[in-house]
Amino acid sequence: MKKLLYSAAVLALTFLMAGCSLEEKPLSKFDESEAYKSSTLVYVNTVASLYNKLNSRFKGGDDNYNYMSEFTADVLFLPGRQGDWVDGGKHQNAFLHRWDPSTDYIRNLWNDSYSDIALCNSSLKKLEEIKGLGSLDASVVDSYLAEVRGIRAFYYMWLVDFFGRIPIVTSPDAGIGDVKQSTRSEAYGFVRDELAEIIPLLPSAKSQDVNSEYYARMTKAVAYAMMARLAINAAVFSQDNWNQGQFTGGIAKVEPGVTAAGKSQNITINGKTMNAWETVVYCQEQIKAEGYELAASFKDNFKTGNESSKENIFVEPMDDNVHRTSDTQVTRSLHYNHAKTIGFSSWNGTAATVHALKVFNYKENVDKNNLSAATFECDDPRFDISFFNGPCSVNGVIVNAGVSEDKYPEGIYIGYEARNDFSTDDYSDPWGLYLVKWAGVRIKKYEYDPTTSGQNYFNADRVIFRYADMLLLAAEAQYRLGNKDKAMDLVNQVRARVGVEPLTDITIKDILDEKLREEIWETMGRRGDQVRFGTYTEADEDKFEGVKHAIVASDWVYDATGYTTVFPIPVTVISLNSNLTQNPGY
Amino acid sequence: MTKSLLLKAMLSTALGLFVGFAVFAQQRSISGTVKGEDGQPIPGVTVMIKGTSTGASTGADGKYTFNFTHPNPVLAVSCIGYVGQEVEIGNQRVIDFVLVEETTSLEETVVVGYAVGNKRTITGAVDRVTEENMNTGYVATAVDAIRGKVPGLVISSNGGNVQDNPTIRLRGTTSLSGGNTPLVIMDGIFGDVGMLFSLSPDDIQEITVLKDASETAQYGSRGAAGVIVVTTKKGREGRSQIEYRGQFGISNPYKKLQVLDAAGYRALNTGKFGGAGLDKGDDTYWMDWIMNDLVTQNNHNISFTSGNSKSNLNASLGIRQRDNVVKNAGNTNYMLRMSASQKGLNDRLTLEMNAMATFMDKDWIDTGIFTGAAAYNPTFPGHRNTETGLWDYDPNAETITHPGDYMDYIHKEAVYRVVASARATYKIIDGLTASIFGSYTYTNRLNRNYFPHDLKSYRVARGEANNSTNLNTNGMASFQLAYNKTIGKHSFSALALTEAQRYDYWYNYSRATGFESDYFTYNNMQAGSTVKWGDVQSSATQYTLMSYLGRLNYMFDNRYVITLNARADGSSKLGANHKWGFFPSASLAWIISNEGFMKNQRLFNNLKFRVGYGVTGNQDAIDPYRSLSLMSPNGTTTYNGATVTTYALDSNPNPDLKCETKYTFDAGIDFSMWRGRFSGTIDAYMSTTRDLLYTYEVPVPPFTYTSLLANMGEMTNNGIEIGLHVAPIETKDMGLTLQGNVAFQKNKLVSLSGTYQGQDLTTSKYIALSSASCNGLTSNTNVVYMTEGYPVNIFRLPVHDGFKTDDTGKKTYQVKDVNGDGGITLDDEGDREFLGQATPKVFASLGGTFRYKNWDLSTQLNGGFGHHIYNFTSLRLSNLGAFPTYNVLKTAEELGVYNAQHTSYWLEKGDYVNLEYITIGYNLPASKLGLKNIKGLRFALSCNNVATFTGYSGLTPMLNNATIGGGIDNNVFPIMRTYTAMLSVKF
C-alpha cells in the first residue's frame with residue numbers, strides 16, 4: 001500500500017510539473033529572433049514599419065507636425081465657438097503662442113518624434129548586425145541603412161526647427177545618462193551632415209509614383225528637398241542664441257541679418273561646397289534634374305489619385321486599403337449641416353484667419369438683414385480650391401443653417417467674421433449664434449472621396465514636399481543672394497500655373513505671401529517661414545494685444561526677444577533627465 | 001475549564017431545569033436510554049411527544065420513561081449541546097438514542113484557504129458568513145448576499161446598473177496597477193469575481209473572507225488583496241430534500257435627474273435667449289423616454305440533495321432575470337450546478353466531483369445615454385420622422401448623441417462558463433490524508449454589437465457590426481498532504497502542497513461596415529461590404545504558475561495557537577531573475593478564556609487575542625510578456641507588389657519585473673459574552689505594499705516609449721474593524737439579534753520614486769487618476785489625483801471663489817489664485833487644492849432580525865462616511881452657456897451660470913446611509929396545515945433600497961468610489977427600488 005501511495009505521489013508531482021515551464025512563449029507577438037527571418041521581413045521590419053509610424057505624424061489631430069506648423073502661425077485657427085472648441089484654451093493658446101513646458105501637444109510632439117527615432121536606431125543596429133552576418137546582399141543592406149538614416153534625419157530636422165537645443169541620440173542602447181543636449185547649431189550640423197552623406201547613397205526613383213518600389217520612401221529627391229528645407233532655415237537653425245531679437249520685429253528688420261547668416265553657412269553636397277542660399281537653389285535644380293516639375297493643374301496635387309502628380313516629391317501615402325490612416329482635419333472644420341449633406345458628420349471648427357483672407361485678397365460683402373444677397377469673390381483660383389467659402393451648397397441646394405430657422409435659413413460661411421474666440425455678447429440676438437456657427441471659411445484642398453470606407457479616409461496622398469515649394473524656396477534664396485529677377489521668375493512660374501497675373505516687381509514679402517496662397521494647410525512649415533521672415537512673433541489681424549480669448553486662454557503678449565520661436569522642452573522630459581535644461585525664456 | 005468540565009456544567013444546568021417535571025402515565029408507556037457517542041449515558045435530556053407537553057427527562061443513568069395517550073406520536077429528544085432527534089414511535093415501547101454532540105459556533109469547521117480548521121484554532125483575521133446570516137432582501141448575486149456583513153469588505157457599484165459587476169475591495173486599495181479585487185476560491189478552484197457573480201446565491205453554504213496575511217499568505221503572489229473562499233452546498237448524510245426558492249420583484253427608479261421639460265425649455269429659449277434655439281414643437285421628456293417605470297426581477301432556484309454514509313449528491317438549477325430601468329437593457333443568467341461524492345476502500349478513499357455551468361445573457365446600454373437624454377432638446381420628437389424614417393437630429397448638438405441612437409444600438413454579451421473539479425482524498429493512517437485535486441475553468445465571453453446604418457454616427461460607415469470572443473481557460477492541479485494529530489495537550493495540523501496552474505487567453509475580433517440593410521444585425525457579417533486591415537484581429541496570451549506551500553497549525557492546551565504558512569510562487573509573467581517569490585506568515589492566538597484564572601468567571605465564554613504578520617504578493621497587475629521586448633503589427637505596406645504587414649517594438653520591456661509585495665501586521669480580539677448573547681471581533685491592521693507596480697512616465701529618449709511598468713513605490717493601508725453581534729431577546733417565541741460593523745480605513749501613498757537599472761525614476765508630483773469633460777470643458781479636466789503622502793483618490797480642484805457677474809448679469813465661476821502668483825493656471829501643478837478624498841474613510845453597517853413565532857423581520861443599513869463626491873452631472877447640466885443647444889437642469893436658470901469650469905463648488909460631502917432592505921417573512925407551519933410532505937414553507941415580502949439618507953444633491957451617493965479614480969458623479973445609473981415577493985418550499 002505504501003509503495004502504491006508513494007508511486008501515486010511521485011506521479012502526481014511529475015504530472016504537475018511537466019509542461020509547466022516558467023519560460024514565456026509569446027503567441028501573438030514575436031521577438032527579434034523571428035522578425036528578420038526572410039529578406040522581405042528584413043525590409044518590412046527595419047524600414048517599412050518606420051514609414052507607417054511617420055505617416056501618423058501628419059494626419060489629423062493636435063499633436064502633429066501639421067498642427068504645430070500651421071495652427072501656431074498666421075494661416076489657420078480653431079476659434080472658440082460659444083464654448084465649443086475652447087478645450088480649456090488649448091487651441092487659442094497655441095494660436096496666441098501662450099504654450100508652456102507642460103502643454104500636452106508639445107510634450108506629445110517630442111515624445112512621438114523621439115519614439116520614432118528610437119525605432120530608427122533599433123533598425124540601424126539590427127541592419128548592421130544583418131550586414132555582419134552576410135545573409136543579405138550588402139548593397140541592399142547599405143541602401144536600407146541610408147534610407148533609415150534619412151528617416152531619422154527627417155525627424156531631427158523637425159526637432160531642430162521646433163525645439164532648437166535637442167539631444168542627438170543615435171544608439172538604441174543609450175541610457176538616460178547618455179542623453180545629452182546639443183546646441184541648436186550642433187543639432188543642425190548633425191542633420192546637415194547626415195543628409196549630405198546619404199544623398200549619394202539614395203536611389204533616383206520617384207517617391208510619389210505608386211507603381212515604384214520606392215513609393216513614399218526616401219529617394220535622392222526627397223533628401224534634396226529635406227536639404228533645401230534645412231538650408232533655407234540654416235540662418236535660423238545655426239543660431240545658438242535665437243532670443244536676442246534677431247527674429248522679431250517684422251520682415252524689414254529681420255531680413256538683412258538672416259540673409260547674411262545664410263551666406264556664412266557652408267554646406268557641402270556631392271563634393272560641392274556652397275552657402276546656405278546657394279544650397280537651396282542647388283537642391284531645387286537637382287530635384288528638377290530628377291524629373292520633377294509643376295503639375296499642369298494645381299488641383300492635380302491634391303486630387304484622388306494624386307500619385308500621378310510629377311510635382312509631389314514626398315507624400316504621406318493615403319488610400320483606403322494598404323495605407324489607411326485617418327485624417328480628421330476636414331471633419332473638424334466643416335459645419336455640421338454642411339457635412340451632413342455631403343454624407344458625413346463633422347465638428348464645425350477650423351477656419352482660415354482674416355490675415356490669410358487678406359493675403360488672398362478675398363472680397364466678401366455681407367448684410368445680415370439680407371443674407372441671400374451677399375457676395376463672395378477671389379481672383380486667385382487657389383482660394384476656392386483651398387476653402388469652402390460663402391453660401392455652402394451641395395448639388396445646388398443651399399445647406400440649412402440650423403439656427404433660428406425663420407430668420408437665417410441659409411448656411412453661409414462668413415470669412416471675415418472669423419475670430420479667435422466668439423463670446424456670448426450678442427447672444428440675445430440669433431445673429432450672434434449664427435456667427436458662432438458659421439463664421440470662417442473652411443478647409444477643402446484635398447479631394448474628398450465619398451467611396452472610401454469612412455469620412456476620415458482619403459484616397460489623396462498628403463503632400464510633405466512639393467516642387468512648387470522648392471521653386472518658392474529657391475526664389476527666396478535667389479532674392480537673398482541678390483538675384484531679384486531670378487526670384488521673380490521662379491515665383492511667376494508658380495503663379496502662371498494657376499493663371500494669376502505675374503509679378504512685375506518683387507519684394508521678399510511677396511514670396512512669403514505667395515507661399516501662403518500656394519501652401520496653406522499643407523505641412524510646408526509655415527511656422528518656420530514666419531520665424532525666418534521675422535513675422536512669427538508679430539501682431540497681425542488675428543492676434544494682437546487685447547485680442548479676445550476664452551477666459552481659460554491667456555492674453556497675447558508681444559515677444560520682443562523671440563524666445564517663442566522655439567518651443568519649450570517639455571517639463572516631463574526635463575524633470576526625468578537632469579542632463580537637459582530648458583530653452584531660454586521659458 | 002476543560003471541555004468535559006464545561007459540558008458537565010451545562011448538563012447539570014439542563015437537568016436542573018427539568019427537575020420536578022410532571023410525569024403522566026396513561027395508556028401507553030415508552031422508555032429507553034440516551035447515550036452519547038462515547039457510550040456514556042447522558043442525564044437531563046428532555047424526551048417529549050412532539051407538539052405536546054408530555055415527556056420526561058433522563059436520569060443520571062440516562063434512562064427515561066413516561067406514559068402518553070397521543071395517536072401517531074413522534075418522539076423528540078433535545079438537549080443543549082447535542083443535535084436533537086425525532087422518531088415516530090409506532091408500536092415501539094423502548095427507544096434508545098445516541099446523541100451526537102452539536103458543534104458549537106466555536107467548534108464549527110471553517111474553510112481557511114487550503115486548510116480546514118475550526119473557529120477556535122484560527123489565528124488570523126477571518127470572517128465567515130453562513131447561509132443563515134446572509135442578506136434577506138432581494139439578492140441577485142453572491143456579493144449581494146454578503147454586502148455589509150463583513151467589516152472591511154466594500155462592495156460598490158456605479159449606481160443601480162444591474163449589468164455592471166460591482167467592485168469589491170477588501171481593506172482598501174493596495175495596488176495602483178491592478179489586482180485590487182480579492183482572490184475568489186470556490187470549493188478549491190481559483191476563480192475570479194466573474195465566477196462569484198455567475199454563481200446562484202442560493203447555492204452558497206458559506207463565504208469565508210481571509211483578510212490579513214496570517215492566512216492570505218497561503219495564496220502567496222495572489223493573496224495581497226484578500227481572499228474570498230466560497231463553499232457551495234453539498235449533500236449531507238441523512239438528508240434528502242427538494243427545495244424551491246423564488247423571488248418575484250418589480251423595480252422602479254428611486255430618483256431621476258430633473259431637467260427642463262419642453263415647456264420649460266421653450267420659456268427659457270424665447271425669454272432670455274431670444275429664440276436662438278431650435279423648437280421642433282414636440283414635447284419629449286427624454287429622461288422618462290429612456291426609462292421604464294416598472295421593470296421585473298425574477299429569481300428561481302430548484303435544488304435537490306440526498307446523502308448517506310457513502311455518497312452525497314447535490315444539484316441545483318437557477319434562473320435569474322433582471323431588467324434595467326433603462327429600456328433595452330437587462331440580463332438573464334442560467335446556472336446549473338452538481339456535486340457528488342463517494343466513499344470507498346473502507347471509507348479511506350473519498351472521491352468528490354463538482355461541475356457548474358452558467359450562461360449569462362446581457363443586453364447592454366451605453367451609460368452615455370444619460371448625458372444624451374439629459375441634454376437633448378426636449379422639443380424634438382421622441383420617435384423617428386414619419387416621412388424620412390430617420391431620427392430628427394439637432395444639427396448643433398454635436399457633442400452628445402441622440403437618445404434614440406443609443407436605443408437603436410445593439411450590444412449583446414453572452415458569457416458561458418464551465419467549472420469542473422475533482423478531488424481524491426485518501427486516508428493513509430489516522431490523521432494523515434493525501435489528496436489530489438484538479439480543476440478546469442472555461443469562460444467564453446461573446447460580445448456582439450450592431451449599429452444601424454441610418455444612425456447619425458454610422459451614416460458614413462453605413463452601419464457597423466462587430467463580434468468578439470474572449471476565451472479564458474485555467475487548468476490547475478495540486479497534490480496535498482495533511483496531517484492532524486493530538487498528543488495530550490498538543491494538537492498539530494500540518495499541510496504540504498504543490499500546485500501548478502496554466503492560464504490561457506484567446507481573443508478574436510471581427511468588424512464589418514457598409515450595411516445597406518439592417519435586417520441581419522451582427523448575424524451576417526458578409527452583409528457588410530467593407531472589411532479593412534485591423535478589422536479582423538486575434539491575440540493569445542498564456543502564463544503559468546508553480547507553487548509550494550507548507551502550513552503548520554499548533555495548539556497547546558487549548559490556550560495557545562500558532563499558525564505558520566510559507567508559500568513559494570513561481571510565475572512566468574515575471575522578469576527572468578525574479579520568477580520566484582517567497583511569502584511566509586506567522587500568527588499567534590491566545591485563548592484567554594481557557595486560562596485557569598478565567599475558570600471562575602461567567603462573563604466570557606470566549607476571549608481570544610490574535611496577532612499575526614505575513615507577506616503576500618500581487619502579480620495580477622502584470623500582464624504576460626511585459627518583461628520581454630516584443631514586436632507587433634503596426635500597419636501594412638506594399639513590397640514586391642504584395643501587401644505585407646509591418647512590425648515594430650510595441651512597448652518598453654522591463655526585465656526586472658517582480659511581484660508587488662504586501663507586508664501586513666494584524667492584531668485582533670474575538671470575544672463572546674453572556675453565553676454568546678454578545679459577541680464580537682475587533683481587528684487593527686497595518687499593511688505596507690512595497691515594490692509597488694506603477695506605469696512610470698520615462699524619458700524619451702533614451703526609452704522608445706514613454707511608459708514603463710516598474711516596481712518602485714510604497715503604499716500603506718491601516719485600519720480598524722469592529723464587528724459586533726447582540727442577541728438581547730432569545731426565547732422560543734421571540735428573538736432579536738442585531739449585527740453591526742464598522743471599518744475605518746486609511747490609505748497613504750508613501751512613495752512613487754525609486755531606481756530602475758541604476759537610474760532614478762520618479763513621477764510628476766500630482767498624478768491625475770480621472771478626469772471629466774463636457775462641451776465647453778475639455779482641457780485641464782483632471783479631478784481625482786494621487787500624490788505622495790496622501791491617500792490615493794484625492795480631489796484636487798480649483799477653489800471656488802464666488803461667481804463673477806458681468807454687465808449683463810451673467811455669472812461665471814471664479815477661481816481662487818491658490819499659489820498667489822497673480823494668474824490663474826489650472827493644470828495639475830497650478831491653482832488647485834487638495835479637497836478631501838473620494839473613497840469613504842469609514843464604512844458601517846447595521847442589521848437586525850426580529851423573530852416572533854412564525855414571523856420574522858429583518859433589515860440592514862449600510863453607510864459610507866468621510867468622503868466627497870464630485871457632482872459633475874450637475875456641473876455639466878447647469879451651464880446656461882451651452883443652452884439652447886443643450887438642455888439644462890431645472891435649477892440652472894436660478895443658478896444663472898454661463899460656463900463650465902471645474903471648481904470646488906461642485907464638490908459635495910458624500911456621507912450616506914442607505915436602508916438596504918426591509919424583509920418580512922412568515923414560516924408557514926406546514927405540519928399544522930396537514931401538508932405532511934412539506935418540510936418547510938416560507939413566504940416573504942421585501943423592499944430593497946428603501947431610502948437613502950444623504951446630504952448629497954445628486955442622483956445617488958452610492959457610486960463607484962472604491963476604484964482608483966472613482967468618486968466622480970458622471971452618467972451614474974439611477975438606483976432601483978425593488979419590491980420582492982419570495983417563496984421557498986422544502987419537501
Side-chain angles (χ1 to χ4, degrees), chain A residues 5 9 12-13 15-17 20-24 26-31 35 40 43-45 48-49 51-52 83-84 86-90 102 111 114-115 118-119 122 167 169 174-176 178-179 322 324 336-337 343-345 347 402 404 424 428-430 433 453-455 572-573 576-577, chain B residues 274-276 395-396 398 428 434 436 456-457 459-461 477 479 498 500 502 513 530 532-533 539-542 544 546 570 572 579 624-625 628-632 634-639 643-644 646-649 697-702 704-706 759 775-776 778-780 827 881-882 898:
Chain A
L5 199 82
L13 278 170
F15 163 73
L16 281 177
M17 297 309 161
C20 203
S21 150
L22 294 181
E23 285 302 306
E24 280 192 289
L27 300 168
S28 52
K29 297 175 177 185
F30 56 39
D31 65 13
T40 303
Y43 166 71
V44 159
N45 296 331
S49 77
Y51 287 114
N52 279 336
D84 274 2
V86 167
D87 290 13
K90 174 177 181 168
S102 61
N111 287 337
Y114 271 109
S115 171
L119 293 175
S122 296
V169 180
I176 295 178
D178 303 322
V179 176
V322 181
R324 190 165 180 267
Y336 327 118
N337 278 6
F344 66 82
S345 44
W347 310 330
S404 202
T424 59
S428 55
D429 180 348
L433 185 59
S453 58
Q455 67 183 59
T572 47
V573 176
L576 295 170
N577 183 349
Chain B
N396 300 314
E398 279 299 303
I428 302 165
I436 301 176
K456 186 171 178 182
S457 314
R459 235 180 240 155
V460 180
F479 178 70
T498 165
R502 197 175 99 179
T513 57
T530 312
K532 297 289 180 186
W533 184 81
S539 69
T541 55
Q542 186 182 80
T544 52
M546 281 195 274
S572 66
K579 294 279 188 202
Y625 316 126
L628 303 178
S629 177
L630 298 173
M631 299 170 84
S632 44
N634 75 337
T636 56
T637 192
T638 310
Y639 187 65
T643 301
V644 284
T646 62
Y647 296 79
L649 294 172
E697 182 163 4
V698 290
V700 176
T704 306
Y705 296 99
T706 52
Q759 291 161 344
N775 172 56
T778 47
S779 106
N780 296 325
D827 55 18
Y898 279 76

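Predicted model only: the values in this text are computed from it and were never measured. Proteins get letters first, then strands, A, B, ... in listed order; numbering begins at 1 in each.
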Counting C-beta onward and ignoring hydrogens, is there a side-chain heavy-atom pair between B/Thr541 and A/Leu27 closer than 4.5 Å? no
List the atom of B/Thr646, the atom of A/Ala48, and the distance in Å for their closest heavy-atom pair. CG2-CB, 3.6 Å
Where on B/Asp827 is there a heavy atom nearer than 4.5 Å to chain A: the side chain, the backbone, both, or neither? side chain
Answer with side chain, backbone, both or neither: which region of A/Tyr43 has an atom nearer than 4.5 Å to a non-hydrogen atom of chain B? side chain
What pair of heavy atoms forms the shortest contact from A/Ala174 to B/Pro702, and how long is it? O-CB, 3.1 Å
Rounded to the nearest 0.5 Å, the CG atom of A/Leu576 sits from the CD atom of B/Glu697 at a distance of 6.0 Å
What is the minimum heavy-atom distance between B/Met631 and A/Ala35, and which atoms define it? SD-CB, 3.3 Å
Shorter than 4.5 Å, heavy atoms on both sides: which option in A/Gly454, A/Gly175, A/Gly89, A/Ser122 has the most such pairs with chain B? A/Gly175
Give the member of A/Val169, A/Leu119, A/Asn577, A/Val322 that has the highest number of heavy-atom pairs under 4.5 Å with chain B. A/Val322
Is B/Ser632 reaching over with its side chain to a backbone N or O of A/Lys29, donor-acceptor style, under 3.5 angstrom? no
Taking only residues two or more places apart in sequence, or in another chain, which ones meet A/Ser453 in a side-chain hydrogen bond (donor to acceptor under 3.5 Å, both in side chains)? A/Asp320, A/Arg324
Starting from the C-alpha separation in whole Å, work towards a yes-or-no answer on side chain to side chain contact (heavy atoms under 4.5 Å, CB included) for B/Asn775 and A/Asp84. CA-CA 6 Å; B/Asn775 172 56; A/Asp84 274 2; 2.3 Å; yes
Do the side chain of B/Asn634 and the main chain of A/Asn52 share a donor and acceptor less than 3.5 angstrom apart? no
Spatial distance of atom CD (A/Glu24) from atom NZ (B/Lys579) [nearest 0.5 Å]: 5.0 Å
Turns out that what part of A/Val179 lies under 4.5 Å from chain B's heavy atoms comes down to side chain
Trace of the side chain to side chain contact (heavy atoms under 4.5 Å, CB included) decision for A/Val573 with B/Val700: CA-CA 7 Å; A/Val573 176; B/Val700 176; over 6 Å; no
Engaged part of B/Leu628 at the chain A interface, taking heavy atoms whose separation is under 4.5 Å: side chain
Where on B/Thr704 is there a heavy atom nearer than 4.5 Å to chain A: the side chain, the backbone, both, or neither? both
Closest non-hydrogen atom pair, B/Tyr647 against A/Val44: N-CG1, 4.4 Å
Under 3.5 Å, is there a donor on one side chain and an acceptor on the other for A/Asn111 and B/Thr706? no
What's the shortest heavy-atom distance between B/Ser629 and A/Asp31, and which atoms? O-CB, 3.7 Å
So which part of A/Pro26 gets closer than 4.5 Å to some heavy atom of chain B, the side chain, the backbone, both or neither? both
For B/Gln542, check side-chain hydrogen bond (donor to acceptor under 3.5 Å, both in side chains) against everything at least two apart and list the hits. B/Asp504
Proximal component of A/Ser102, with respect to chain B [non-hydrogen, under 4.5 Å]: side chain
Here the pair of heavy atoms bringing B/Ser572 nearest to A/Ser21 is CB-O, 4.4 Å
